[in-house]
Amino acid sequence: MRAPSGILRHFFLTLLALWLSLGLSPAPASADTRVALVIGNGAYVSTAQLPNPSHDAEDVAASLKRSGFEVFQGIDLRQADMQDLTIRFARAASRADVAMFYYSGHAMQYNGVNYLMPVDAVLTDEADLKRFVRVDDIVNDLQQAKNLRILVLDSCRDNPLAETLKRSAGSTRAASIGRGLSKVEAPRGTIVSFSTQSGQVAADGIGRNSPYTTAFLKHIEEPQEIGDVFRDISSDVYDSSGKTQLPELSLSIIGKFYLNGPVTVAPAAPQAAPKADPCAAAEAHWKAAEGIGTLGAFEDHLARFPNCIFATLAKARIEGLKQKVALAPSGNARTTGSKDFDGSWDVTLNCPASGKAQGFTRPLVATVTNGVFHAEVQGPGGVNRLEIDGQIPADGKTTLSARGTTGASTYTLNNLAPGSPYAFTVDAQFDRTRGSGKRNEARACNLVFVKR
């Protein structure tokens, strides 16, 4: 027999009033399903042991649990255990809204592929790399999560086993063994954070946690948008390391997401492209400016990147150079070149083959202002970029400094991936009598590839 609806409604209202009078409230519904795999490998059998990873993994796992993650945790995992845990994580990620992978321990890159190292792994030749876990496979597992994927690698440490592999690989293939890790571009809906830049080595630190994990633990539970959280982590590491370690951060997320605080803001329409990071090229340009060292180079950097990380340093260098000019006694050589060559120039860069580097010829449009030469070409997608700077004295004979990144096929004999940095010098002779178009040809290049 069914009770009248009025009686049922009165019953439920009475129950709710009693519930609230006792100070009870319904448990909040989980906004999303979150899973994380946290691994800390430090007790290596065949190479240097690391003191931090076990502590890093314990503390990160505890932090993520407080943020609502189901955590798969592994410390000092052997090959079989590491593979088993990554398989379990892959299955859980396929049912999750948010998936995170955090790893602290030894890793290495070979032929542009990043590998994570179990504690029982040995590395006598290329075949032993099959005992490692490929980062590409982890990225693929993360992509199964519906909304947000996060890859964190606190593993850019110096790996002594890489030297063993270099010796077994021989001089030809040894060039494929890079320093640190190679860059991983974040697929859509993904955040990728390395403890330092690709091709660089991170510090272990002297405390319980590594410098990167210390910053990670400081910020990951803050009620900030997730992109801001990882930017704050990178900034903390850079400052605490005395500006020597800058984490590699790649974000490709649409809309906003909060691990703590506001739940999820509806993403923008799929066709909307993410905003370009105005500071993405700031560090590469700063290195080029420092290599040139002129007032014009630093002023150019400040004009291009006024709100980025090296702007303060650029202002200091500019002020210092201006003070030197002001204090210099009359009769000293000018800090700029000869104004006789000021104007626009059509330049043909003609670089012969040098060692394994292929020769090339490239036309450029340049400007000379107050005797300071500048030319640049920006290829699509940030690759095949080239910038040339320098001063031109009164006789027109000079050596220019050039920096750039390789294109899709340039310097393939050097095993450099597209977008890899390189530098060279250009011996040039400027002649202001060669026609109204001010055409000039720089005929000699001394190529120097920048080790990442």
Side-chain angles (χ1 to χ4, degrees), residues 27-41 57-58 60-75 77-105 107 113-118 129-155 181 183-194 216 220-221 225-227 229-230 249-260 262-271 274:
S30 176
D32 48 36
T33 303
R34 304 175 178 183
V35 297
L37 173 54
V38 179
I39 296 177
N41 284 346
E58 290 170 357
V60 168
S63 176
L64 294 182
K65 287 176 182 177
R66 290 192 293 269
S67 294
F69 281 84
E70 175 191 0
V71 178
F72 297 84
Q73 181 180 345
I75 295 176
L77 297 179
R78 302 174 73 85
Q79 177 192 356
D81 296 331
M82 195 166 175
Q83 290 177 340
D84 178 67
L85 199 56
T86 56
I87 290 170
R88 290 170 56 198
F89 172 68
R91 290 170 178 157
S94 67
R95 301 186 296 271
D97 298 300
V98 182
M100 180 186 297
F101 178 84
Y102 168 93
Y103 176 80
S104 177
V113 178
N114 295 321
Y115 296 88
L116 309 180
M117 183 175 171
L129 288 172
K130 295 179 181 179
R131 306 178 192 275
F132 289 46
V133 173
R134 286 164 42 102
V135 172
D136 289 347
D137 293 337
I138 298 296
V139 173
N140 290 336
D141 293 340
L142 287 170
Q143 296 315 297
Q144 299 181 84
K146 299 178 183 67
N147 293 335
L148 179 67
R149 308 100 182 182
I150 303 173
L151 174 69
V152 179
L153 298 182
D154 186 5
S155 55
L181 298 180
K183 187 172 183 176
V184 174
E185 295 291 348
R188 176 165 292 192
T190 304
I191 296 173
V192 175
S193 181
F194 286 7
F216 181 92
I220 196 63
E221 295 183 58
E225 195 276 324
I226 191 65
V229 167
F230 275 93
L249 180 60
S250 177
L251 301 93
S252 181
I253 52 178
I254 299 174
K256 295 182 178 181
F257 194 93
Y258 296 80
L259 291 184
N260 297 283
V263 184
T264 308
V265 177
Q271 64 270 23

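In this structure, R95 contributes its side chain and R91 its backbone to a donor-acceptor pair below 3.5 Å. Although no hydrogens or angles enter the test, the distance criterion places a donor-acceptor pair under 3.5 Å between the side chain of D97 and the main chain of T33. The backbone N or O of L259 sits less than 3.5 Å from a side-chain atom of R34, completing a donor-acceptor pair.
Listed by first then second residue, pairs satisfying salt bridge (Lys or Arg N to Asp or Glu O under 4.0 Å) with a partner in residues 131-144 read D128-R131, R134-D136, R134-D137, not counting sequence neighbours.
The side chain to side chain contact (heavy atoms under 4.5 Å, CB included) search around S94 returns Q144, not counting sequence neighbours. Looking at residues two or more places apart in sequence or on another chain, you find no side-chain hydrogen bond (donor to acceptor under 3.5 Å, both in side chains) involving S250. Shown here are the side-chain hydrogen bond (donor to acceptor under 3.5 Å, both in side chains) partners of S63, two or more places apart in sequence or in another chain: E221. Evaluation of the side chain to side chain contact (heavy atoms under 4.5 Å, CB included) rule for E70 yields V35, F72 as partners, not counting sequence neighbours. Partners of R78 according to the side-chain hydrogen bond (donor to acceptor under 3.5 Å, both in side chains) rule, which considers only residues two or more places apart in sequence or in another chain, do not exist here.
Residues I75 and E58 are in side-chain contact: their nearest non-hydrogen atoms beyond the backbone lie under 4.5 Å apart. Proximity of F89 to I39: side-chain heavy atoms (C-beta onward) are nowhere separated by under 4.5 Å. At least one side-chain heavy atom of I150 sits under 4.5 Å from a side-chain heavy atom of F230. Considering only heavy atoms from C-beta on, S193 comes within 4.5 Å of L249 through its side chain. At a threshold of 4.5 Å between non-hydrogen side-chain atoms, the residues D154 and V60 do not count as touching. Considering only heavy atoms from C-beta on, F257 comes within 4.5 Å of D32 through its side chain. Within the 4.5 Å cutoff, no side-chain heavy atoms of F101 are placed close to those of V139. Within the 4.5 Å cutoff, the side chain of S67 has heavy atoms near those of the N260 side chain.
Atom CG of N41 and atom CG of D81 lie 10.0 Å apart (nearest 0.5 Å). The CD1 atom of I253 lies 12.0 Å from the CZ atom of R188; values are rounded to the nearest 0.5 Å. The CG atom of L37 sits 12.0 Å away from atom OH of Y102, with the distance rounded to the nearest 0.5 Å.
Nearest heavy-atom pair, L142 versus R149, reported as atom, atom and distance to 0.1 Å: O-CG, 2.8 Å. The shortest heavy-atom contact between V71 and K65 is CG2-CG, 3.6 Å. Among all heavy-atom pairs drawn from F194 and V184, the shortest one is CZ-CG2, 3.7 Å. Here the shortest heavy-atom pairing between E225 and G255 reads OE2-O, 4.3 Å. The minimum heavy-atom distance linking M82 with M117 is given by the pair SD-C, 4.4 Å. Of all heavy-atom pairs spanning S252 and A186, the tightest one is CB-O, 3.4 Å.
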*Should L153 and L116 be marked as a side-chain contact (heavy atoms from CB on, under 4.5 Å) after you check the CA-CA gap, both sets of side-chain angles, and the distance that decides it?*
CA-CA 9 Å; L153 298 182; L116 309 180; 4.2 Å; yes
